[in-house]
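Below is one structure, written out as structure tokens, with a few remarks after it.
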Amino acid sequence: MRRTTIADFQKMKDEGRRIAMLTAYDYASALIAEQAGVPVILVGDSLGMVMQGQDTTLPVCVDDMIYHARMVMRGSHKALVVVDLPFLSYATEQDAVDAARRVMQEGGGQALKLEGGREIAPIVRRLTEMGVPVMGHLGLTPQAQHQIGLRAQAKQVEAARKLLDDARALEEAGAFGIVLEVIPAELGELVSRSLTIPTIGIGAGAGCDGQVQVWHDVLGLFEGKSPRHAHRFAEVGEQMVGALSHYVRQVEEGSFPTQAQSISMKPDVLEALKMKG
Ligand code: KIV
């Protein structure tokens with residue numbers, strides 16, 4: 001058994017096979033993702049919200065990414081594992097090299113994802129030249145949310161042209177793939193056709209070479225309204241609450257544990273124990 005490689009990832013686009021990417025953040029979620037046949041796992045900095053309960057991805061640091069990447073690597077043996085570099089950890093080329101060294105040596109991911117366009121192309125080039133596979137991320141880039149908001153991007157001509165130019169710059173700099181987040185489907189398709197490397201959409205339409213979704217969104221782990229780009233493939237959260245309230249009820253009424261979950265002492269041992277007492 002071997003892991004999906006960057007070459008396999010490219011081959012999927014070349015052969016017209018769509019790529020399913022999913023976030024995972026720990027050992028258990030990685031095991032399940034692999035059982036389901038997910039070929040590419042993203043240890044996303046969305047862990048700031050879904051695992052740490054923060055409002056944004058901004059407080060996530062390199063140590064957090066290493067901690068979660070390690071668990072995901074232990075739970076997966078086949079998937080290509082891409083790890084986000086967190087907010088401001090790649091502000092300069094040297095910062096990026098330092099963060100990449102730590103995440104890849106201590107966390108163990110195979111590739112890194114960075115948010116940004118042409119302005120980060122020199123960083124993407126440097127990392128790529130150093131042997132680090134880099135995935136880009138354009139459109140709604142949550143690390144820049146205080147600048148651009150959490151809304152659809154590149155809906156007008158100028159912004160759409162810029163996004164296309166950014167995508168080409170990332171490809172030229174050596175990126176092996178690009179996430180396109182919440183942009184018009186038509187633009188998602190145009191970018192995907194213009195590039196030779198795979199595009200992975202999230203709210204960027206069916207014309208991308210693959211899709212990425214967040215673990216908690218696809219499994220329906222949170223109550224309330226899901227983002228428009230997410231689809232709840234199951235209501236696992238509801239099932240968990242049901243199962244756990246059942247557990248609480250049974251403990252409270254004394255119907256759990258039963259004989260089946262208990263071990264017993266041999267009668268002579270019990271007798272001796274009582275006598276000594
Ligand atoms: O952090 C993340 O989970 C992501 C995906 C939403 C693309 O970047």
Side-chain angles (χ1 to χ4, degrees), residues 9 18-26 29-30 33 38-62 64-69 71-72 76 79-90 99 103 107 109-117 120 124 133-145 148-154 163 166-167 170 175-183 188 191-192 197-205 208-219 221-222 226-233:
F9 182 76
R18 289 177 198 273
I19 306 163
M21 181 167 171
L22 179 66
T23 66
Y25 309 100
D26 59 15
S29 56
V38 173
V40 189
I41 292 178
L42 172 66
V43 185
D45 61 357
S46 51
L47 67 86
M49 281 96 82
V50 297
M51 300 299 287
Q52 300 177 335
Q54 318 252 29
D55 290 336
T56 71
T57 59
L58 274 52
V60 176
C61 63
V62 169
D64 294 329
M65 298 313 301
I66 292 170
Y67 176 74
H68 286 274
M71 293 188 278
V72 168
S76 65
L80 170 64
V81 177
V82 183
V83 185
D84 270 343
L85 278 195
F87 181 57
L88 287 188
S89 66
Y90 48 100
V103 171
Q110 293 152 274
L112 302 175
K113 178 164 77 60
L114 277 62
E115 297 181 8
I120 66 155
V124 173
V134 177
M135 178 172 267
H137 185 157
L138 294 171
L140 197 177
T141 45
Q143 291 177 10
Q145 67 176 265
I148 64 172
L150 283 178
R151 64 178 79 89
Q153 301 292 310
L163 189 136
D166 283 337
L170 292 174
F176 75 90
I178 302 181
V179 166
L180 300 173
E181 181 162 352
V182 196
I183 60 168
V191 175
S192 307
I197 57 172
T199 60
I200 304 289
I202 173 162
C208 296
D209 302 306
Q211 300 293 323
V212 59
Q213 289 280 294
V214 169
W215 178 267
H216 296 66
D217 290 339
V218 288
L219 292 176
L221 285 177
F222 289 138
S226 301
R228 164 131 186 238
H229 56 72
H231 178 70
R232 299 166 82 98
F233 287 83

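Just so we're clear, the structure is a prediction, and the values are computed from it rather than from any experiment. The analysis underlying the following values was restricted to heavy atoms, covering all of them including side chains, and did not include hydrogens, waters or symmetry mates. Both counts, for ligands and for their atoms, begin at 1 and track the order of listing.
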*Of D45, T57, D84, the residue whose pairing with Q143 passes side-chain hydrogen bond (donor to acceptor under 3.5 Å, both in side chains)*: D45

*Taking only heavy atoms of K113 into account, list the atoms of ligand 1 that are under 4.0 Å away from them.*
4 (C), 8 (O)

_Nearest-contact summary for atom 4 (C) of ligand 1 - protein heavy atom, Å_ = L42 CD2, 3.6 Å

*Short question: side chain of T199, backbone of I178 - any donor-acceptor pair under 3.5 Å?*
no

*What atoms of ligand 1 come within less than 4.0 Å of a heavy atom belonging to I202?*
6 (C)

*What orientation do Y25 and H216 show, parallel under 30°, tilted 30 to 60°, or perpendicular over 60°?*
tilted

*In ligand 1, which numbered atoms sit nearer than 4.0 Å to a non-hydrogen atom of T23?*
3 (O)

*Determine yes or no for a side-chain-to-main-chain donor-acceptor pair under 3.5 angstrom, with Y90 supplying the side chain and E115 the backbone.*
yes

*Atoms in ligand 1 with a heavy atom of S46 nearer than 4.0 Å*: 1 (O), 2 (C), 3 (O)

*Would you check if there is a donor-acceptor pair between the side chains of Q213 and H231 at a distance under 3.5 Å?*
no

*Check each atom of ligand 1 against the heavy atoms of G44 and keep those under 4.0 Å away; list them by number with element.*
1 (O), 2 (C), 3 (O)

_Ignoring hydrogens, what is the shortest heavy-atom contact between L163 and A154? Give both atom names and the distance._
CD1-CB, 4.1 Å

*Mind checking whether E115 has an N or O less than 3.5 Å away from an N or O of ligand 1?*
no

_Using a 4.0 Å cutoff against the non-hydrogen atoms of D84, which atoms of ligand 1 qualify?_
1 (O), 2 (C), 8 (O)

*Without swapping roles, check the side chain of Q153 against the backbone of I183 for a donor-acceptor pair under 3.5 Å.*
no

*Determine, using heavy atoms of H137 and all atoms of ligand 1, whether some pair is separated by less than 4.0 Å.*
yes

